[in-house]
Amino acid sequence: MIEQLLTDKVKEAVNSLYHLDADPSQIQLQNTRKEFEGDITLVVFPFTKVSRKSPEATATEIGEYLKLNLSEAEDFNVIKGFLNITIKKEYWLNFLTENYNSDNFGYGEKSNEKPVVVEFSSPNTNKPLHLGHIRNNLLGFSLSRILAASGKNVVKVNLVNDRGIHICKSMLAWRKWGNGETPESSGMKGDHLVGKYYVVFDKYYKEEIGNLVVEGLTPEDASKKAPLIIEAQQLLQKWEAHDEETINLWGKMNGWVYEGFAITYKTLGIEFDKTYYESQTYLLGKELVEKGVKQGVYNRRDDGSVWIDLSAEGMDEKLLLRSDGTSVYMTQDMGTATQRYEEYNPEQLIYVVGNEQEYHFNVLKVVLKHLGCEWADSIYHLSYGMVELPEGKMKSREGTVVDADDLMQEMFDTSEAMARELGKIESFDDLEARNLYRTIGLGALKYFILKVDPKKNMLFNPDESVDFNGNTGPFIQYSYARIKSVLRKADESGLEVTMSKAQDADMFPQEKELLKKIHDFPVVLAQASDMHSPAVIANYAFELASEYNRFYHDLSILKEDNISSQSLRLSLSHFTANIISNALWLLGIEVPERM
RNA sequence: GGCCUCAUAGUUCAACGGAUAGAACGGAAGUUUCCUAAACUUUAGAUACAGGUUCGAUUCCUGUUGAGGCUACCA
């Protein structure tokens with residue numbers, strides 16, 4: 001890669017000119033802005049101190065050195081403190097020749113080192129998946145692919161939260177008011193059916209609270225003394241005591257939910273290497289807490305509860321074990337993290353979890369380190385922002401959630417309507433048309449969510465739904481389909497891609513821009529895996545597609561009678577299509593061969 | 001109260017401390033003998049406020065204002 005060559009040569013240059021052993025961070029290379037002549041720009045301000053010359057003079061000296069000593073350097077010009085270097089055409093053409101047929105251009109070497117474990121999704125089993133889960137799933141899945149492409153050995157895991165008071169609420173409501181309703185009898189998807197009874201529970205629970213408040217209780221007391229919540233808690237105790245009837249009901253209703261989730265995951269295109277169930281892991285961690293008490297790093301109070309004092313770290317006291325000896329969230333997470341560490345010996349443990357749990361993960365790390373687990377440093381919380389609706393935050397109890405299944409169906413319907421309106425599918429058979437709606441609809445949804453920096457809250461307006469024009473997935477998919485169409489036509493016309501001919505071609509500035517953009521892909525990929533950000537890949541894919549469309553929109557590639565130019569354009573098109581498809585694959589987005 | 005995050009065109013999003021802050025949608029005006037108009041071209045429009053560090057600040061630091069989150073013997 002030219003960046004590496006330049007970095008080395010610049011280092012050599014400042015050493016020879018100014019006797020400076022330059023730090024890599026001082027050598028700042030960037031793509032030259034389009035309005036200036038040149039390909040790559042060196043920012044020379046960091047060297048003006050040692051050169052004791054003006055930025056212009058310094059840039060000129062370094063430029064002269066590079067032109068003399070770097071064979072790829074064609075020429076240079078200086079504007080203020082910016083040294084714009086032009087790279088020889090041969091370099092770009094050689095780069096094209098060597099890589100245009102490479103299927104995994106830019107991907108890192110596959111390493112056999114310790115794995116990276118990525119946990120994402122982690123749903124509760126009392127209700128269907130919603131828009132917030134979609135952001136989680138897409139981020140986790142795309143991140144896993146990006147890390148894998150950069151050479152890591154990735155393990156995707158899901159921890160299903162299948163036990164607890166929430167599922168007991170659904171169970172109780174179903175038993176009281178369900179009349180034996182099943183997914184088969186109701187025609188409902190299993191997760192939606194269970195979610196329905198969660199809402200039913202909440203309705204009657206709220207009524208009871210209301211009545212108690214009328215009788216004179218405070219809302220807080222009322223919410224604790226309502227008969228329904230007490231009954232639900234008793235159900236949880238029965239579950240923990242392995243009561244057969246309770247376990248059976250729990251197993252049955254969870255089974256419905258899993259069937260529903262499986263469909264949602266499949267539609268969304270998400271899969272895991274391993275799924276853990278909280279019912280099997282929730283007892284883990286208690287031993288760790290006891291161990292901590294023995295070591296004197298945690299404190300047991302008179303009532304039997306266990307705490308850790310984190311005031312030295314600038315945090316509060318935190319409960320690790322209840323007075324009745326049962327686990328809390330933190331206890332379990334200590335256990336599952338330890339289990340996962342022992343199982344995989346990972347280089348990194350990544351948790352894709354919303355930013356409302358940032359404090360929890362900070363505490364988790366510190367609590368483990370107090371126990372002497374140095375590996376706690378390998379825990380990384382990929383914290384993402386909330387998905388907000390125009391009317392504010394989603395609240396499942398207030399029914400302002402956007403259901404994942406409904407949303408995807410809407411996307412499919414919208415893309416179908418658009419395709420029909422545009423007359424896109426006249427030559428398609430039914431199956432191909434249906435696949436296209438799915439591909440486009442999902443592409444729109446995924447791209448819309450992934451293009452936003454994970455850490456930021458994002459706004460989702462269901463009424464406007466997701467666009468199909470502009471900076472969108474379908475635009476990129478369209479660009480891909482169009483390139484494929486060009487290549488098909490070329491093939492039918494008997495045109496051949498001959499790189500030896502292309503080497504003789506003149507390269508238009510726009511063609512070089514496109515090639516430079518492709519050339520950047522490995523750098524972008526590395527950056528994305530460093531920053532854990534699919535958004536970097538998404539925005540890159542859009543820029544690449546735009547670049548292609550802008551240049552070729554009114555140019556007849558096939559009618560060009562100069563064989564060299566034709567070869568250059570076809571191979572450039574082929575290469576662009578490859579990179580677009582690779583970039584979208586990293587986002588979990590499919591490309592259509594035609595649309 | 002304490003702690004954390006965010007604040008950029010009318011709207012949704014960009015910008016390793018670098019050049020004249022980019023796109024897209026929406027607004028206004030155009031472009032179909034061609035590979036495919038889900039496209040392309042032109043145009044108006046923004047760094048919340050006040051200081052500081054720097055050759056250079058949307059970016060780093062301090063303060064103010066505004067939005068969200070956390071601060072449960074819930075998970």
Side-chain angles (χ1 to χ4, degrees), chain A residues 25 28-30 32-33 35-36 41 43-46 48-49 54-55 79-82 84 122 124 126 161 163-166 278 282 301 303-307 314-316 318-330 332-333 354-360 362 383 385-386 388 392-393 415 418-419 421-422 424 440 444 448 451-453 455-461 464 467-479 481-490 493 523 527 530-531 535-536 538-539 542-543 545-546 549-559 573 594-595:
Chain A
S25 67
Q28 299 175 38
L29 294 170
Q30 54 190 261
T32 304
R33 289 196 159 212
E35 58 266 38
F36 301 110
T41 296
V43 183
V44 299
F45 290 108
T48 52
K49 264 186 193 152
S54 70
I79 297 171
K80 293 196 273 183
F82 299 91
N84 302 323
S122 309
N124 288 358
N126 62 322
N161 189 358
R163 51 128 249 143
I165 193 73
H166 48 81
E278 203 191 277
Y282 80 106
R301 289 187 182 169
D303 64 5
S305 58
V306 177
W307 298 72
M315 295 183 266
D316 303 321
K318 192 79 192 169
L319 177 82
L320 298 179
L321 208 60
R322 292 197 190 97
S323 49
D324 63 6
T326 56
S327 314
V328 288
Y329 183 33
M330 187 62 69
Q332 296 173 36
D333 258 8
N355 63 10
E356 76 272 14
Q357 290 193 33
E358 242 154 45
Y359 184 68
H360 171 80
N362 285 338
S383 164
M386 306 273 120
E388 286 163 4
K393 200 184 162 180
S415 59
M418 298 274 289
E421 193 183 328
L422 293 166
K424 288 281 178 187
I440 304 293
F448 185 85
K451 77 172 178 185
V452 181
D453 186 337
K455 77 177 177 208
K456 291 195 175 178
N457 286 0
M458 63 175 293
L459 186 80
F460 188 90
N461 189 337
E464 292 170 14
D467 276 331
F468 290 78
N469 296 314
N471 185 356
T472 65
F475 169 83
I476 303 169
Q477 290 172 318
Y478 167 75
S479 307
R482 198 159 145 262
I483 296 173
K484 284 304 205 186
S485 168
V486 169
L487 295 174
R488 269 197 302 272
K489 271 285 190 311
S493 317
V523 179
Q527 196 193 358
D530 276 354
M531 298 166 59
V536 174
N539 287 302
F542 175 68
E543 282 173 27
S546 295
N549 275 343
R550 262 201 291 278
F551 183 43
Y552 285 122
H553 78 276
D554 63 348
L555 203 88
S556 176
I557 296 172
L558 304 178
K559 289 203 169 159
S573 296
R594 56 188 192 133
M595 70 183 270

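As rounded to the nearest Å, B:C16 and B:U59 have P atoms that lie 12 Å from one another. Separating the P atom of B:U58 from that of B:G17 is a span of 13 Å, rounded to the nearest Å. With both ends at atom P, the span from B:U41 to B:A23 equals 10 Å, rounded to whole Å. Here the separation of B:U11 from B:A46, taken at their P atoms, is 12 Å to the nearest Å. Using atom C1' as the reference point in both B:U33 and B:A37, the two lie 15 Å apart (nearest Å). Distance check on atom C1': B:A21 versus B:G63 gives 25 Å, rounded to whole Å. As rounded to the nearest Å, B:C13 and B:G66 have P atoms that lie 23 Å from one another. Spacing of P atoms, B:G1 relative to B:A39, comes out at 49 Å, to the nearest Å.
Side-chain atoms of A:R301 and A:S305 include no donor-acceptor pair closer than 3.5 Å. Defined by atom type and a distance below 3.5 Å, a donor-acceptor pair is present between the side-chain atoms of A:N84 and A:T41.
Checked against side chain to side chain donor-acceptor pair (under 3.5 Å), A:Q357 has the following partners two or more places apart in sequence or in another chain: A:Y329. Residues satisfying the side chain to side chain donor-acceptor pair (under 3.5 Å) test with A:S327, not counting sequence neighbours, are none. The side-chain contact (heavy atoms from CB on, under 4.5 Å) test applied to A:N355 returns A:E358, A:S383, A:M386, A:N457, not counting sequence neighbours.
Put simply, NZ on A:K455 is 5 Å from P on B:C6, counting in whole angstrom units. In this structure, CE of A:M386 is placed 10 Å from C1' of B:C70, rounded to the nearest angstrom. A:R322 has its CZ atom 6 Å from the C1' atom of B:C73, to the nearest Å. Rounded to whole angstrom, the span from the CZ atom of A:F551 across to the C1' atom of B:C34 amounts to 15 Å. Taking atom CD on A:Q477 and atom P on B:A38, their separation rounds to 14 Å, with Å as the unit. Here B:A24 presents its P atom at 13 Å from CG of A:D467, a figure rounded to the nearest Å. Rounded to whole Å, the distance from CD on A:Q332 to C1' on B:C73 is 14 Å. Rounded to whole Å, the distance from OH on A:Y329 to P on B:C70 is 13 Å.
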N/O contacts under 3.5 Å, protein versus nucleotides 39-46 of chain B?
from	atom 1	to	atom 2	distance (Å)
B:A39	OP2	A:N469	OD1	3.3
B:C40	O2'	A:H553	ND1	3.4
B:C40	O2'	A:H553	NE2	2.7

Short heteroatom pairs, N/O only, protein and nucleotides 10-20 of chain B, under 3.5 Å:
from	atom 1	to	atom 2	distance (Å)
B:C13	OP1	A:L459	N	2.9
B:A14	OP1	A:D453	N	2.5
B:A14	OP2	A:K456	NZ	3.3
B:C16	N4	A:Q28	OE1	2.7
B:G18	N7	A:Q28	OE1	3.1
B:A19	OP2	A:R33	NH2	3.0
B:A19	N6	A:T41	OG1	2.9
B:A19	N1	A:N84	OD1	3.3

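In this structure, A:F542 CZ and A:T472 OG1 are separated by 7.5 Å, a value rounded to the nearest 0.5 Å. Atom CG of A:L320 is separated from atom CE of A:M330 by 7.5 Å, given to the nearest 0.5 angstrom.
The aromatic ring centres of A:F460 and A:F448 sit less than 6.0 Å apart.
Within the 4.5 Å cutoff, no side-chain heavy atoms of A:D453 are placed close to those of A:M458. No side-chain heavy atom of A:F468 sits under 4.5 Å from any side-chain heavy atom of A:Q477. In this structure, the side chains of A:N549 and A:F475 come closer than 4.5 Å at one or more pairs of heavy atoms.
Secondary-structure annotation of RNA chain B gives the stems B:1-7 with B:65-71, B:10-13 with B:22-25, B:27-31 with B:39-43, B:48-52 with B:60-64, with a stem taken as at least 3 successive Watson-Crick or G-U pairs whose two distances both fall under 3.5 Å.
Nearest nucleotide to the A:A419 side chain, out of B:U71, B:C35, B:A38: B:A38. Taking every side-chain heavy atom of A:L319 into account, B:C73 is the closest of B:G69, B:C73, B:U36.
Checking side-chain atoms of A:T326 against main-chain N and O of A:R322 turns up no donor-acceptor pair under 3.5 Å. Between the side chain of A:S485 and the backbone N or O of A:A481, no donor-acceptor pair lies under 3.5 Å.
At a threshold of 4.0 angstrom between heavy atoms, the contacts of A:S327 are confined to the sugar-phosphate backbone, with no base atom among them.
When each of A:R488 and A:I165 is assigned the nucleotide of RNA chain B bearing its nearest heavy atom, the one mapping closer to the 5' terminus is A:R488.
In B:U32 the base sits syn relative to the sugar, since the glycosidic angle is no further than 90° from 0.
Taking only distance into account, the side chain of A:D303 meets the base of B:C73 through a donor-acceptor pair shorter than 3.5 Å.
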